[in-house]
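One structure below.
Worth knowing before you read on, the calculation uses all heavy atoms, side chains too, and leaves out hydrogens, waters and symmetry mates. The sequence lines fix the lettering, A, B, ..., with proteins before strands; numbering per chain opens at 1.
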Amino acid sequence: MTARPELPKTYDPDIVEPRLYERWLESGVFHEEPDPARPPFIISMPPPNITGPAHLGHGSTYTPMDVLTRYHRMLGENADWIPGQDHAAIATEAVLVRELAKEGLTRDGLGREKYLEHAWEWRRLYGGAINQSFRRLGFGPDWDRERFTLDPGLSAAVIKVFVDLYRDGLIYRGTRLVNWDPASQSTLSDAEVEDEERDTFMWHIRYRAEDGGDGLVIATTRPETYLADVAVAVHPDDERYRHLVGKNVVLPIVDRAIPVIADAAVEPEFGTGAVKVTPAHDQTDYEIGQRHDLPMPTVIDFDARIAAPLWRYDEKPERRAPIDAQAPKMAKYAGLDRFEGRTLIVEDLRALGALVEERPYRTELPFSSRSHVVIEPLLSLQWFVRMQPLAQPALEAYRSGAIRFVPERFGRTYAAGLEKIRDWNISRQIWWGHQLPVWYTPSDEVIVAHDEEEAKRLARERFGSDELRRDPDTLDTWFSSGLWPFSILGWPEKTTELEHWYPNQVMITSRDIIFLWVSRMVMLGLRFVGKIPFETVFVTPLVFDMHGRKMSKSLGNAIDPMTELVPKYGADGTRFGILRQMRLESQELRFDERFCDEAKRFATKLWNALRYTCTLPEDLPSATALPPREKLTLADRWILSELRACVETVTRAYDGFEFGVAADALLQFGWYTFCDWYVEASKAEGQRETRAAVLSFVLNAFVRAMHPIAPFVTEEIWQTLPHDGATIVTASWPDIAEMPSFPDERAVFHTVIEKVEQLRHARSEWGIQPKESMRVEIPAALASERGVVEAIATLARAEISTYDGGEGSVRERILAVRAIADSAKLRERYLREIGRLESEVARSEKKLANDGFVAKASPEVVAAERAKLEEYRRELARVRAALDEL
RNA sequence: GGGCGGCUAGCUCAGUGGGAGAGCGCUACAUUGACACUGUAGAGGUCAGAAGUUCAAUCCUUCUGCCGCCCA
């Protein structure tokens with residue numbers, strides 16, 4: 001006997017969810033220790049940046065992690081979801097600098113030490129915001145294992161990796177073309193560069209031939225860099241320019257001669273087919289420059305101003321070497337901002353007659369995602385990782401099938417990135433991050449060491465002096481996050497966690513960082529642990545607004561789940577609503593809030609099914625006991641079969657990352673099958689003996705299957721029902737083996753539903769009020785099927801009488817059930833039905849008369865069609881007979 | 001330029017080589033042993049266009065158009 005608690009009429013997630021979360025935290029259900037006796041299921045949480053609160057993208061990427069961890073925990077596995085945060089180097093520094101400015105402080109004014117004190121204080125105060133969001137969303141990672149990329153342990157891993165790679169010759173210092181953010185005064189990774197479309201111009205400029213000929217016309221969007229042109233490139237097969245290849249053309253205004261070269265990278269159809277080559281300020285040009293061994297003079301400075309005369313790059317301005325004899329002719333541009341310089345140069349070219357054309361042109365420009373200024377590609381002395389030797393094993397891991405992607409096509413994104421990988425610029429000119437373990441002697445000899453002590457020792461050994469200065473730069477944030485799956489397990493220590501939980505089973509992330517992050521984790525994991533970091537990469541869709549636009553603050557279409565969804569729909573509704581919209585093959589999710597609303601109402605619906613179950617006059621049996629098999633009614637057998645099918649679908653869906661399919665199946669079963677049909681059917685007299693036990697059993701199993709997606713309402717329902725154990729979090733996954741299935745009864749009840757829907761149509765058509773019962777007659781041969789008759793009487797709210805007749809299968813006898821009404825109404829209905837059946841029969845006969853169909857379609861399909869035709873014919877005969885009787 | 005996804009009811013989306021589906025919205029009725037955050041019924045689609053494969057195409061193939069994403 002279970003206590004009968006007073007249950008409120010509506011379920012209030014605002015009250016229930018925080019209460020349950022606190023209880024889970026207190027009971028430590030999210031914590032696991034490595035247990036080799038059980039299969040591991042480990043997910044490393046992609047560390048969110050400490051700068052921002054949770055946004056909707058976290059909902060689509062992080063909710064599946066929580067779902068899978070909860071699911072595998074219920075399966076009895078050694079499931080752990082390891083959380084943490086990323087210090088987010090440049091992103092955080094940008095926020096910090098902005099915050100400091102509000103207090104009238106600057107980074108450089110404070111100095112490194114004071115600045116970092118501020119940074120850590122800021123991290124302490126605001127860095128936990130996202131964890132609060134995650135808790136409110138019901139996420140249950142193993143908080144005891146939370147890590148931060150700047151933690152001492154993780155920093156030690158970073159230093160070791162840097163030193164090892166350096167000593168293996170995979171990290172080097174060199175002058176290369178990098179993404180320079182003139183506002184942040186730092187290099188940026190490709191990840192932090194965003195291309196955005198802008199209206200600009202395509203300028204056509206004539207470069208005359210040195211020998212006095214017309215030369216050629218180049219097309220460019222960056223005329224100001226022409227000052228540093230070192231060649232003009234054309235396609236080797238381009239007949240228009242073949243006569244010029246090997247000759248010189250002359251740059252207007254500055255009158256410097258440069259060669260015309262042939263390079264296959266030039267697109268003959270684009271622009272004029274002749275491109276200026278400025279190796280120091282453009283990636284493609286840089287590569288052309290390398291291939292043709294061209295000089296690389298620089299003309300744009302680190303503050304994005306024209307730096308004339310041309311100079312050969314050197315990190316120290318005082319050592320810059322002017323290299324252009326024509327310097328005086330460009331002196332007027334010196335010191336101008338790059339865009340002002342562009343305007344003036346275009347004017348001068350126009351005045352000179354060298355400007356052939358100026359046409360409006362829309363193109364993508366690279367913007368810094370942090371400062372929102374246009375990136376300047378330029379040469380700089382920086383630290384790089386040699387990627388080719390790391391990329392090969394990572395590529396092999398994918399090609400051999402050791403790492404698989406879901407959906408599969410994202411494997412191609414991964415492979416394509418690795419195939420054309422470039423050396424990775426890892427040094428950043430900011431202070432918030434891992435400082436390079438690099439020291440320089442007074443004569444600029446490089447010492448790489450784990451700490452200052454070692455550096456000094458090495459310096460003394462090699463140079464006889466330990467006077468050193470440390471490189472002020474810090475590492476790209478992806479350098480530390482690339483170690484994440486093993487650094488959080490304690491590497492380089494040989495921990496139990498590392499032994500049992502590496503590799504992880506699944507990595508879940510979004511596709512924009514497959515190459516940037518996923519591939520780095522694989523490369524570094526293979527290199528330093530000797531094993532892949534995870535077996536499967538599940539790529540979640542990106543979230544867009546309802547009309548397919550990217551969500552962004554500037555567009556005003558961003559939805560903040562914490563202020564706009566959770567308060568309205570609860571964490572359950574938010575999670576369920578998001579997952580419901582996820583489809584495996586779809587690469588975008590157009591977020592529609594209506595799904596969250598539906599999910600919230602679904603929770604209320606289930607809650608009320610619980611209230612119904614708990615207020616029945618019968619007792620609820622303990623836990624999950626079912627009545628003896630022979631007592632189970634038709635409706636019981638049907639709902640148990642449906643439950644089993646639902647659990648099978650949901651299990652398959654979770655295993656295959658089909659979260660939308662799982663959510664659909666749960667909603668369909670819970671609302672339609674269970675509430676609309678079984679609960680209604682259970683109100684029949686003949687259900688009294690078994691219904692309490694069946695309702696309780698079905699609800700209990702159902703909420704367990706739904707728990708990973710909607711953890712709170714399912715816990716609340718489970719706790720109210722008879723149950724085993726302390727919390728649904730550690731309850732077992734519903735076991736198919738314990739769920740009886742009755743295929744025959746399932747089919748019979750389907751027919752009952754079909755018939756009841758017909759009767760309801762008739763009721764509606766004839767204007768019979770819902771509270772009135774309608775008169776229905778059943779064939780005498782059906783009277784013995786008590787479960788069927790009672791179900792029809794209850795579900796159609798019908799008053800049953802019998803008529804003579806009705807042979808055949810149960811299904812046919814059910815279909816022979818008919819409503820009673822005055823003859824005019826019935827005649828109309830029968831005639832319409834006859835018309836429909838006649839057209840069905842005609843369609844089916846025509847199909848079967850087609851020799852091609854009978855000969856070539858599969859035998860099952862033909863047999864099914866014949867069976868259908870037979871049924872239509874018998875149905876038609878039955879309705880005609882009923883009409884004749886009138 | 002290379003690669004990829006989508007186009008199905010007013011909206012957002014499922015779906016299948018063999019009779020077009022859901023939710024929301026809309027219309028009508030209803031307070032029936034939990035639920036109005038409900039129930040029942042209804043209206044509403046030549047499945048973007050064209051060609052091909054097939055006995056059969058919304059589904060497979062190709063082309064076209066439009067929307068969007070990623071990489072260069």
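Closest approach to the A:Lys420 side chain among B:C71, B:C35, B:G18 is made by B:C71 (side chain taken as heavy atoms from C-beta onward). Taking only side-chain atoms of A:Arg611, from C-beta outward, the nucleotide of B:A34, B:C55, B:U12 with the closest atom is B:A34. The A:Glu757 side chain lies nearest to B:A41 when the options are B:G39, B:C35, B:A41. Taking only side-chain atoms of A:Lys847, from C-beta outward, the nucleotide of B:C69, B:G18, B:C11 with the closest atom is B:G18. The side chain of A:Val679 has B:A34 as its nearest neighbour among B:G18, B:C4, B:A34. Closest to the side chain of A:Arg760, from the set B:C55, B:A41, B:U12, is B:A41. Of the candidates B:C37, B:G68, B:G18, B:C37 carries the atom nearest the A:Lys600 side chain, counting heavy atoms from C-beta on.
Within 4.0 Å (heavy atoms only), A:Lys9 reaches sugar-phosphate atoms of the nucleic acid but no base atom. Counting any heavy atom pair closer than 4.0 Å across all strands shown, A:Asp851 reaches no nucleic acid atom.
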What does nucleotides 24-33 of chain B look like as a protein-contact string, B for base, S for sugar-phosphate only, - for none, at under 4.0 angstrom between heavy atoms?
-> B-----SSSB

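A salt bridge is absent between A:Glu585 and A:Arg583; no separation between the charged side-chain nitrogens and carboxylate oxygens falls under 4.0 Å.
Spacing between atom OH of A:Tyr672 and atom C1' of B:G23 amounts to 15 Å, rounded to whole angstrom units. With rounding to whole Å, A:Leu667 atom CG is found 15 Å from B:G15 atom P. With rounding to whole Å, A:Glu419 atom CD is found 14 Å from B:G3 atom P. The nearest whole Å value for the distance from the CG atom in A:Leu584 to the C1' atom in B:A14 is 14 Å. Per the geometry, CG belonging to A:Leu610 stands 13 Å off P belonging to B:C35, to the nearest Å. What separates CD1 of A:Ile717 from P of B:C35 is a distance of 15 Å, to the nearest Å. Straight-line distance from the NZ atom of A:Lys856 to the P atom of B:U53: 12 Å, rounded to whole Å. Remark: P of B:A56 and CD of A:Glu860 are 20 Å apart, rounded to the nearest angstrom.
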Residue pair A:Phe405, A:Tyr414: steps toward the ring-ring contact (aromatic ring centres under 6.0 Å, His included) verdict | CA-CA 9 Å; A:Phe405 284 80; A:Tyr414 168 89; 5.1 Å; yes

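Partners of A:Phe749 under the ring pair (Phe, Tyr, Trp, His ring centres under 6.0 Å) rule, at least two apart in sequence or in another chain, are A:Trp638. Among residues two or more places apart in sequence or in another chain, the ring pair (Phe, Tyr, Trp, His ring centres under 6.0 Å) test is passed with A:His235 by none.
Note that CG of A:Leu177 and CG of A:Leu378 are 7.0 Å apart. Values are rounded to the nearest 0.5 Å. A distance of 5.0 Å separates OH in A:Tyr11 from CD in A:Glu17, rounded to the nearest 0.5 Å.
Within the structure, salt bridge (charged side-chain N to carboxylate O under 4.0 Å, His left out) pairs that include any residue of residues 688-701 of chain A comprise A:Glu618-A:Arg688, A:Glu618-A:Arg691, A:Lys631-A:Glu689, A:Glu685-A:Arg688 (at least two apart or interchain).
Side-chain atoms of A:Lys605 come within donor-acceptor range of the base of B:C35, with a qualifying N/O pair under 3.5 Å.
The side-chain tip of A:Lys605 does not point at the ring of A:Phe674 from less than 6.0 angstrom away and within 45° of straight on.
Taking a 6.0 Å sphere around CD of A:Glu408, one finds it holds 12 or fewer heavy atoms contributed by other residues, nucleotides or ligands.
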Side-chain atoms of residues 572-582 of chain A: list all donor-acceptor pairs with protein atoms under 3.5 Å, sequence neighbours left out, distances to 0.1 Å.
residue  : atom : partner  : partner atom : Å
A:Asp572 : OD1  : A:Phe712 : N            : 3.1
A:Asp572 : OD2  : A:Phe712 : N            : 3.4
A:Asp572 : OD2  : A:Val713 : N            : 2.6
A:Thr574 : OG1  : A:Gly570 : O            : 2.7
A:Arg575 : NE   : A:Ile709 : O            : 2.8
A:Arg575 : NH1  : A:Asp66  : OD2          : 2.8
A:Arg575 : NH1  : A:Leu137 : O            : 2.9
A:Arg575 : NH2  : A:Asp66  : OD2          : 2.8
A:Arg575 : NH2  : A:Pro708 : O            : 2.8
A:Arg580 : NE   : A:Asp664 : OD1          : 2.6
A:Arg580 : NH1  : A:Glu598 : OE1          : 2.5
A:Arg580 : NH2  : A:Asp664 : OD1          : 3.1
A:Gln581 : OE1  : A:Asp592 : N            : 2.8
A:Gln581 : NE2  : A:Gly577 : O            : 2.9
A:Gln581 : NE2  : A:Asp592 : O            : 3.3

How does RNA chain B read in dot-bracket, base by base from 5' to 3', with Watson-Crick or G-U pairs under 3.5 Å and | used when the partner is on another strand?
-> (((((((..((((....[..)))).(((((.......))))).....(((((..]....)))))))))))).

